Amino acid sequence: MLERIAASLLNDSLARAVGSGEIALSDHPEIVMERPKSEAHGDFATGICMTLARDARRPPRKLAELLIANIEDPEQILERAEVAGPGFINLTFRREAWFARLQEVRERGATFGQTNAGGNQRVLLEFVSANPTGPLHVGHGRGAVVGDVLGNVLAAAGFDVTREYYINDIGKQMRHLGASLYHRYRELLGIDEPYPPDCYQGDYILDIAKDFLARHGETLRDADYEGDEAAGKVFRDFIHRAIQDDIHDDLREFGIEFDNWFAESSLYDDELVYGLLDELERKGHIYTDEQTGARKFRTSGFGDDEDRVIIRDNGVPTYFASDVAYHANKFARGFDVLIDIWGADHHGYIPRMRAGLGALGHPQEAFEVLLIQFVNLVRDGVPVSMSTRKGTFVDLRKVREEVGKDAARLFFIMRRPDSQLDFDLELAKRASMDNPVYYVQYGHARICSILRKAEEAGYAVEDYHAEMCAALELPEELELTRKILAYPGLLESCALNREPHHIVFYLQDLVKTFHGYYTRHKHTAKIVSGDPSKRQARLLLVDCLRIVLRNALALLGVSAPERMYLNEAEEESAP
RNA sequence: GGGCGUGUAGCUCAGUUGGAUAGAGCGUCGGCCUCCGGAGCCGAAGGCCACAGGUUCGAAUCCUGUCACGCCUACCA
């Protein structure tokens, strides 16, 4: 907010200087302010004068002086406006301008941080979408958390978000899955025959087979899985349902819910795939590959490296056909932006998907893909094998149960999605500085503890009033206030850039500033001070801090405990 | 071979879209508890931003090339 005021002060000034002929420009740029790294450079700064120097035929510092001279600030909201270095303009607001905004934080409470930067654009966020052939592994977990948090961040920034999970429930893998259950079932019935190598190997198949046996007894003992379509369907439906339910529960326990579970099979039920193929035929985008007899989609005309097979030589549409039909359907449902979260190993599919959508006349830039790099599980610095002998991955559920939901979520979201993540299980469990979960949560608990203490003494948090500004005389108090008020802008940038990981860094920095403030002054400047105006001002400040911490943690899906104790003895002695 | 990604402190990683003296945590070393929660705080050391060119007022950031590592390169699902 103050950032916008700073920008408009200078934009107005520039317009005035151009209007009066003091500055001549061929192009009239919009001045955007940035937050300087160093406090010595004021609250907001711009290097616009260096950029304008050539066009205006004036030295940057001279331009800066002219701009500053033309600033109109009748309310005297500015403390300082100065030229620095090669021609930067540094603006510093009066302390009142900052502290008075704490009232806004207090009033907005849980909605503080929300903006309408997204303009209610409708976003379809598709994530996880793991094949329903087994339990989720840690790689899925990372994608799940990134997607979930990004969804929260987008929603907070004014996007209209729908979360969707795409289920690949047709094709050869479903046949293999049913066959896997069939063979494990027969094993349980004592039939001695080899387990086919192309069936799924994991132990979970056996567990499902036991449930199947309990449900159906021996009635399907001699069913012909390959030959009897109806019997085969019983096996396929059963195992598919079991695995899908498990994934659903796993995600829900991880705090992740979807608005929609979209089945690939529904694309066929609703004739969407054949509708797509007809449309592509009509538009002349499909031709027959003379060498193989397959039908190809001319994606190379829309940025893809080569054309892609869309109907196999046996007449069955490829997976790519489903995918294009599915994404075209997303647009048909009225979404403005499609964001997919994929494993990085699928990056090669981006050009063909984008080409496919482009061929249908959809804006290609409206389709975005976030790539999630692999997770390396580590235990005390030693790599944990991601795949066991049988080729299965480490289950997400096991990791979640070992380190806890909060730590797991924070670890998955704390790195840039497209860089590999080392996930140290021992580190995630440890209650130490390595583990930002504890650090941040502890900050929140500490603040709540202070507020409780104040409340017990009969002191409530009060609205902002002018005397508070004079009372907040410590440099950390202004620093904390500035950081609190930076939160909406941070969210906006996280949303627009699709980079939710910044929230974790923000939280760590904010909490660190608070811990420093608290520890340095605990003997000399208590928050619950004997001086009424200082006490009121500081209580308002830490209450705003509490609000921001709680709001940000909520976006991450990490709990914000009001009390944390080292051990049970301490807990019992606590009030 | 081609494509995508990564390369920043001993380790794990940020770096606000091209800004001022490149940051954080861990680890190492040295300090701080007459407690509103020490699960905390303060300080120090630690850098040729992989390498070489280029673009410009200005580059970790953009362009080109080289090197190293990872992934992809199906009528599979």
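Reminder, nothing fancy here: chain letters follow the sequence lines and each chain counts from 1. As the structure is a prediction and not an experimental result, all values here were calculated from the model.
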Kindly confirm or rule out a cation-pi arrangement of Arg409(A) over Phe412(A), judged by NZ or CZ under 6.0 Å from the six-membered ring centre and within 45° of its axis?
no
Check every strand shown and say whether Thr133(A) touches a base, only sugar-phosphate, or nothing at a heavy-atom separation below 4.0 Å.
nothing
Under a 3.5 Å cut-off for both distances, is U12(B) Watson-Crick or wobble paired, and to whom?
A24(B)
Between Arg538(A) and Glu477(A), does any NZ, NE, NH1 or NH2 come within less than 4.0 Å of an OD or OE carboxylate oxygen?
yes
If you check the Arg54(A) side chain, which of U12(B), G40(B), C57(B) turns out closest?
C57(B)
For the base of C75(B), is there a side-chain donor-acceptor partner from Thr318(A) under 3.5 Å away?
no
If you assign Arg416(A) and Asp305(A) each to the RNA chain B nucleotide with the nearest heavy atom, which residue ends up on the more 5' nucleotide?
Asp305(A)
Hey, is the side chain of Tyr518(A) pairing donor to acceptor with the base of C33(B) inside 3.5 Å?
no
Using a heavy-atom cut-off of under 4.0 Å over every strand shown, decide if His41(A) touches base, sugar-phosphate, or nothing.
base
Mate of U55(B) across any strand shown (Watson-Crick or G-U wobble, both atom pairs under 3.5 Å) is none
Watson-Crick/G-U partner (both atom distances under 3.5 Å) of G1(B):
U73(B)
To the nearest 0.5 Å, tell me how far Gln536(A) CD sits from Glu462(A) CD.
4.0 Å
Going by centres under 5.5 angstrom and planes under 30 degrees, do the aromatic ring of His347(A) and the base ring of G5(B) stack?
no
Counting any heavy atom closer than 4.0 Å, what does Thr51(A) reach on the DNA or RNA strands: base, sugar-phosphate only, or nothing?
base
Please classify the nucleic acid contact of His501(A) as base, sugar-phosphate, or nothing, using heavy-atom distances under 4.0 Å.
sugar-phosphate
Nearest to side-chain heavy atoms of His515(A), which nucleotide of C13(B), C75(B), C41(B)
C41(B)
Select base, sugar-phosphate, or nothing to describe what Phe505(A) touches, counting heavy atoms under 4.0 Å on all strands.
sugar-phosphate
Do we see Phe88(A) stacking on the base of A20(B), given a limit of 5.5 Å between centres and 30° between planes?
yes
Per Met564(A) side chain, nearest of listed nucleotides G5(B), G37(B), C72(B):
G37(B)
With a 4.0 Å cut-off on N to O distance, would you call Asp509(A) and Lys512(A) a salt bridge?
no
Ring geometry between Phe262(A) and Tyr326(A) (parallel below 30°, tilted from 30 to 60°, perpendicular above 60°):
tilted
Looking only at atom P, what distance separates G7(B) and C51(B), rounded to whole Å?
13 Å
Would you mind checking if Glu306(A) and Lys296(A) are paired as a salt bridge, meaning a charged N to carboxylate O distance below 4.0 Å?
no
Paired nucleotide for A60(B) [Watson-Crick or G-U wobble; both distances under 3.5 Å]
none
Under 4.0 Å, heavy atoms only, any strand: does Lys296(A) hit a base, just the sugar-phosphate, or nothing?
nothing
Using purine N1 to pyrimidine N3 plus N6-O4 or O6-N4 for Watson-Crick, or N1-O2 and O6-N3 for G-U wobble, both under 3.5 Å, which nucleotide pairs with U66(B)?
A50(B)
Tell me which nucleotide, if any, is Watson-Crick or G-U wobble paired with G18(B) when both distances must be under 3.5 Å.
none
So what's G30(B) paired with, Watson-Crick or G-U wobble, going by both distances under 3.5 Å?
C42(B)
Between Arg35(A) and Gly85(A), who's closer to the 5' end of RNA chain B by nearest nucleotide?
Arg35(A)
